[in-house]
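Below is one structure, written out as C-alpha cells, with a few remarks after it.
Just so it is clear, the values below take in all heavy atoms, side chains as well, and ignore hydrogens, waters and symmetry mates. Below, chain A is the first sequence line, B the second, and so on; all start at residue 1. For clarity, every value in this text was computed on a predicted model and none was experimentally measured.
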Protein chains: 2
Amino acid sequence: MSASVRTSHDVDACVQVDEALTRAFGILGKRWNALVLGSLRFGPAGFRELSRAIDGLSDSVLADRLAELTRHQLVHRRVDEGPPVAVTYELTERGRALLPALDQISAWAVEHLPPEPSAQ
Amino acid sequence: MSASVRTSHDVDACVQVDEALTRAFGILGKRWNALVLGSLRFGPAGFRELSRAIDGLSDSVLADRLAELTRHQLVHRRVDEGPPVAVTYELTERGRALLPALDQISAWAVEHLPPEPSAQ
DNA sequence: GATGTTGCTTCGAATTTCGAAGCTGCTACG
DNA sequence: CGTAGCAGCTTCGAAATTCGAAGCAACATC
C-alpha cells in the first residue's frame with residue numbers, strides 16, 4: 001500500500017465507508033430532492049400541489065426531480081384515468097424507509113441550526 | 001385564502017414542518033457537503049488529505065465547501081503555526097451532532113439503494 | 001365559449017460547479 | 001544554492017445545472 005504520512009488517522013479507510021453515503025447523496029445532494037421527499041411525507045400529492053408546497057422550486061426543476069426520484073424508485077407515479085386524468089405522486093417503500101433519517105436531520109436542524117444563516 | 005381542491009391532504013401544512021428540513025438541506029443539499037462531513041467522521045484531517053479522500057472533488061470546490069461548513073460552524077479550522085504551518089479541519093459539536101443522521105442515511109443506502117444507478 | 005386548473009415541456013438566461021493551473025511558504029535532497 | 005516536492009489555497013474560463021416565464025392539451029366551471 002502507498003502508505004504516506006498520516007497526520008492523525010487513515011482517511012483512505014473512510015472512502016469505503018462513505019461509498020453508501022456517496023450513493024445516498026448522489027440523490028439527496030441535489031438541490032430539491034430531499035424537500036420533495038419531505039413534502040410527500042404525510043401522503044400522496046399532485047404535481048401542482050407539490051409545486052405550491054415547495055417555495056422557490058420551479059415547475060421545470062420539479063418535473064426533473066420527480067422523474068429522477070421515480071427512476072430511483074423512491075416515489076411512485078400513479079395515473080388515475082378519470083376522465084379528469086389525475087396524476088398522484090407517493091413514496092415507495094424505499095422512499096418511506098428514508099423518512100426516519102430525514103426526521104432525524106430535521107430534528108438536528110431544529111436543535112443545532114439557527115434560523116438565520118449562521119449569522120447569529 | 002386561496003383554498004382550492006385538496007386531493008388527499010393539506011400539503012400546505014408541510015411547509016411549516018419542512019422549514020427545518022429546508023434549512024438542513026440548504027447545507028446538505030449542496031453537492032459535496034455531506035461527503036466532506038462524512039470524511040471528517042473519524043477525526044480531523046488536512047486540506048490535501050480531504051482532497052485525496054473524496055474522489056472527484058476538485059480543490060476549488062473543496063475550499064468553497066470547507067469555507068461554507070466553517071461559516072455554518074459545522075467544522076472548525078485549526079491553524080497550527082509550526083514553522084511548517086499546518087491546517088486541520090475537524091467537526092464541531094454541531095457537526096458531530098449530525099453524524100448519527102448521516103449514519104442512518106448511509107445504512108439506508110446499504111439496505112435500500114443498489115450500487116448501480118437503479119438499473120438493477 | 002371564456003376563464004381557470006392540472007400536468008407537464010420548451011426556451012434562453014442566470015447561477016453554480018468544474019478541472020487545470022498558478023501561487024506562497026516550507027522541507028528535503030544533493 | 002538549486003531543484004524538487006508537498007501543503008493550502010486562489011484564480012480562471014468552460015461546462016453543467018437551475019431558473020422563471022411561457023406555452024400546450026385536456027378537462028371543469030361559469
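Going from atom CD1 of A:I54 over to atom C1' of D:dC19 covers 15 Å, rounded to whole Å. One can place CG of B:L57 at 18 Å from P of C:dT16, the figure rounded to the nearest angstrom. B:D80 has its CG atom 15 Å from the P atom of D:dA7, to the nearest Å. Taking atom CG on B:L50 and atom C1' on D:dA7, their separation rounds to 12 Å, with Å as the unit.
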Nucleic acid footprint by protein, nucleotides 8-17 of chain D - heavy-atom cut-off 4.0 Å, B for base, S for sugar-phosphate alone: BBBB------

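The distance from the CH2 atom of A:W108 to the CG atom of B:L102 is 9.0 Å, given to the nearest 0.5 Å. Separating the OG1 atom in A:T92 from the NE2 atom in A:H76 is a distance of 9.5 Å, to the nearest 0.5 Å.
Of the possible donor and acceptor atoms, none in the side chain of A:R65 sits under 3.5 Å from a partner among the backbone N and O of A:V36.
An OP1 or OP2 oxygen of C:dT15 is reached within less than 4.0 angstrom by no side-chain nitrogen or oxygen of A:R31.
When all heavy atoms of A:A34 and B:L21 are compared, the closest pair comes out as O-CD2, 4.0 Å.
Considering only heavy atoms from C-beta on, B:W32 stays 4.5 Å or farther from B:D64 through its side chain.
For A:S60, the side-chain hydrogen bond (donor to acceptor under 3.5 Å, both in side chains) partners at least two apart in sequence or on another chain are A:S58.
With D:dC19, C:dC18, D:dA28 as the choices, the nucleotide that has an atom nearest any side-chain atom of B:W32 turns out to be C:dC18.
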